[in-house]
Every structure is written in structure tokens, then in C-alpha cells.
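Just below is one structure, and these are the notes that go with it.
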Amino acid sequence: MAPQSAYNRLMNRYLLMPLIATTALYAQASESVSDACRSLQDALNREASVLEQIQNNQDADEMLPELRAVLQQLAALSVVDENELWLYIDNTEGVKQPLVDALSQIALQFSRLEAADFYHHAGLRELLAPQTEETPDVRRAKLEKIHAVDHDDD
């Protein structure tokens, strides 16, 4: 085996360890983002399932604690960097479509519940208000999305 040059020793000593550490940190970050994505998928599927089970006022009473729990689970996911999560979703095969499907199911359930006037259940209406009521921020985001789509053809 040939002796290492001074340059190679320097590279190994000062650059190899930070490179290994950075790779390990990236792997940990990716792992936590993938875990967060799996948790997001599970929570969205659970939310869709809970909402689907609400068919009348009595169901709303019974399902409210479980719905609260799943919404708290979704809120807890905000500890992950949103940009990293979107990057992971956009660039990892097989991840985006199940999320889109779950969100479509939730939107369908929201429409059904809104059409039923939330079965006249104030607690259900209040709990879902942040997701179902159109705020100025939501309106602005929709307009920006429409504007972006209109300019995609340019």
C-alpha cells in the first residue's frame, strides 16, 4: 500500500469527518421527514375515516373526541420543516398520490357535512371551522393558484 500524501491526510483529517457527519445528519433529517410524511398520511386517512362516520348529530357527538385527537396529531406535525416535507413529497416516488387521495376524501366529507349544515352540531362546526371556512388567507392563496395556473400556458 502506497503511503498517503500530505494532501490526502489533510483531506481525510479535516474534510472526511465533516462529510460523514453531514451525511449522517441528512439521513436523520430525511428519516424524520419520511416519518412525518407517513404520520401525515396516517392522520389524513384517519381524519377522512372519522368524518365519513359522522352521518347525524349523534354520530358527531360520539366522534368529536376522536376527531379532536386526529386534528391534534396533524397540528403536531408542524414541528417538521414544511419546505423539507414538500420537497420530500414532490421528489419521492409513490408519496404524493396517496396524500392527494386522502385530501380528496376529506374534501368530499367536508362538502357532505357542509351540505348537511354539520347536522346542526355547533361543536363539529367549530372544530372544523379552520379547515372549512374560507379566510382571507385562503382566498388569497386560491387567487394566487388561479393566477399561477393561468400563466402556466405562457
Side-chain angles (χ1 to χ4, degrees), residues 15-154:
L15 297 177
L16 190 58
M17 290 313 289
L19 180 61
I20 291 170
T22 303
T23 304
L25 286 175
Y26 178 76
Q28 285 178 327
S30 295
E31 191 172 306
S32 67
V33 171
S34 69
D35 289 344
C37 191
R38 274 192 297 280
S39 295
L40 175 63
Q41 176 70 50
D42 292 344
L44 291 174
N45 286 336
R46 193 167 144 221
E47 181 179 9
S49 174
V50 169
L51 292 172
E52 188 176 336
Q53 294 177 56
I54 300 172
Q55 297 294 322
N56 56 46
N57 191 286
Q58 184 179 350
D59 292 341
D61 277 339
E62 293 171 10
M63 299 307 294
L64 216 54
E66 190 170 346
L67 185 56
R68 252 190 216 98
V70 75
L71 293 177
Q72 288 171 348
Q73 181 183 358
L74 284 165
L77 293 175
S78 65
V79 297
V80 174
D81 181 63
E82 187 176 337
N83 291 330
E84 285 183 36
L85 183 61
W86 278 114
L87 220 93
Y88 179 82
I89 291 168
D90 284 338
N91 295 302
T92 306
E93 189 175 329
V95 171
K96 186 185 270 186
Q97 192 58 51
L99 291 169
V100 169
D101 293 343
L103 289 170
S104 295
Q105 286 301 313
I106 290 169
L108 181 68
Q109 296 306 318
F110 285 162
S111 293
R112 181 183 61 79
L113 290 168
E114 287 174 335
D117 196 25
F118 297 93
Y119 299 107
H120 307 285
H121 194 285
L124 179 62
R125 179 188 309 276
E126 182 181 322
L127 188 60
L128 293 178
Q131 292 181 306
T132 59
E133 291 181 1
E134 192 170 283
T135 64
D137 288 337
V138 169
R139 271 192 297 278
R140 189 176 327 105
K142 283 181 180 178
L143 290 173
E144 288 173 4
K145 178 118 176 133
I146 290 169
H147 182 71
V149 169
D150 286 345
H151 286 83
D152 282 349
D153 296 332
D154 293 343

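None of these values were measured; they are calculated from a predicted model.
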Exercise. Just by distance, with hydrogens left out, do Gln58 and Glu62 show a side-chain donor and acceptor under 3.5 Å apart?
Worked result: yes
Exercise. Would you find more than 12 non-hydrogen atoms of other residues, nucleotides or ligands less than 6.0 Å from Glu126 atom CD?
Worked result: no
For this session: Write down the atom of Gln73, the atom of Arg46, and the distance for their closest heavy-atom approach.
Result: OE1-NH1, 2.8 Å
Exercise. Can Leu44 and Glu47 be said to form a side-chain contact (heavy atoms from CB on, under 4.5 Å), step by step?
Worked result: CA-CA 5 Å; Leu44 291 174; Glu47 181 179 9; 4.2 Å; yes
For this session: Might you work through the side-chain contact (heavy atoms from CB on, under 4.5 Å) test for Leu127 and Leu124, ending with a clear yes or no?
Result: CA-CA 5 Å; Leu127 188 60; Leu124 179 62; 5.5 Å; no
Problem set entry | Ile54 vs His121 side-chain heavy atoms within contact, under 4.5 Å | no
Problem set entry | Distance (rounded to the nearest 0.5 Å) between Leu67 CG and Gln72 CD | 10.0 Å
Exercise. With a 4.5 Å heavy-atom cut-off, do Leu113 and Thr132 have their side chains touching?
Worked result: no
For this session: Dump the intermediate steps for side-chain contact (heavy atoms from CB on, under 4.5 Å) on Leu128 and Leu51, then the final yes or no.
Result: CA-CA 10 Å; Leu128 293 178; Leu51 292 172; 3.9 Å; yes
Exercise. Which pair of non-hydrogen atoms, one from Ala48 and one from Ala102, has the smallest distance, and what is that distance?
Worked result: CB-O, 4.5 Å
Problem set entry | Stepwise side-chain hydrogen bond (donor to acceptor under 3.5 Å, both in side chains) test for Gln109 and Arg112 | CA-CA 5 Å; Gln109 296 306 318; Arg112 181 183 61 79; 2.8 Å; yes
For this session: Using atom types as modelled and distance alone, determine if a side-chain donor or acceptor of Arg125 lies under 3.5 Å from a backbone N or O of Asp117.
Result: yes
Exercise. For the atom pair CG (Leu40) and CZ (Arg38), what is the distance rounded to the nearest 0.5 Å?
Worked result: 12.0 Å
Exercise. When rounded to the nearest 0.5 angstrom, what is the spacing between CD in Gln41 and CG in Leu103?
Worked result: 8.5 Å
Exercise. Which residue, Asp101, Asn91, Asp90, forms the side chain to side chain contact (heavy atoms under 4.5 Å, CB included) with Lys96?
Worked result: Asp90
Seminar exercise, completed: In this structure, CG of Leu71 is separated from CD of Glu66 (nearest 0.5 Å) by 11.0 Å
For this session: Quick one: do Gln53 and Asp59 satisfy side-chain contact (heavy atoms from CB on, under 4.5 Å)? Show the steps, please.
Result: CA-CA 7 Å; Gln53 294 177 56; Asp59 292 341; over 6 Å; no
For this session: Verify, without hydrogens or angle tests, whether Tyr119 (side chain) and Gln55 (backbone) share a donor-acceptor contact under 3.5 angstrom.
Result: yes
Exercise. If you take all heavy atoms of Tyr88 and Val95, which pair is closest and at what distance?
Worked result: CE2-CG2, 4.1 Å
Exercise. What closest approach, in Å, do Cys37 and Ile89 show between heavy atoms, and which atom pair accounts for it?
Worked result: SG-CG1, 3.9 Å
Exercise. Are any side-chain N or O atoms of Ser111 and backbone N or O atoms of Ala107, one a donor and one an acceptor, separated by less than 3.5 Å?
Worked result: yes
Seminar exercise, completed: So CG of Asp42 and CG of Leu74: to nearest 0.5 Å the spacing works out to 10.5 Å
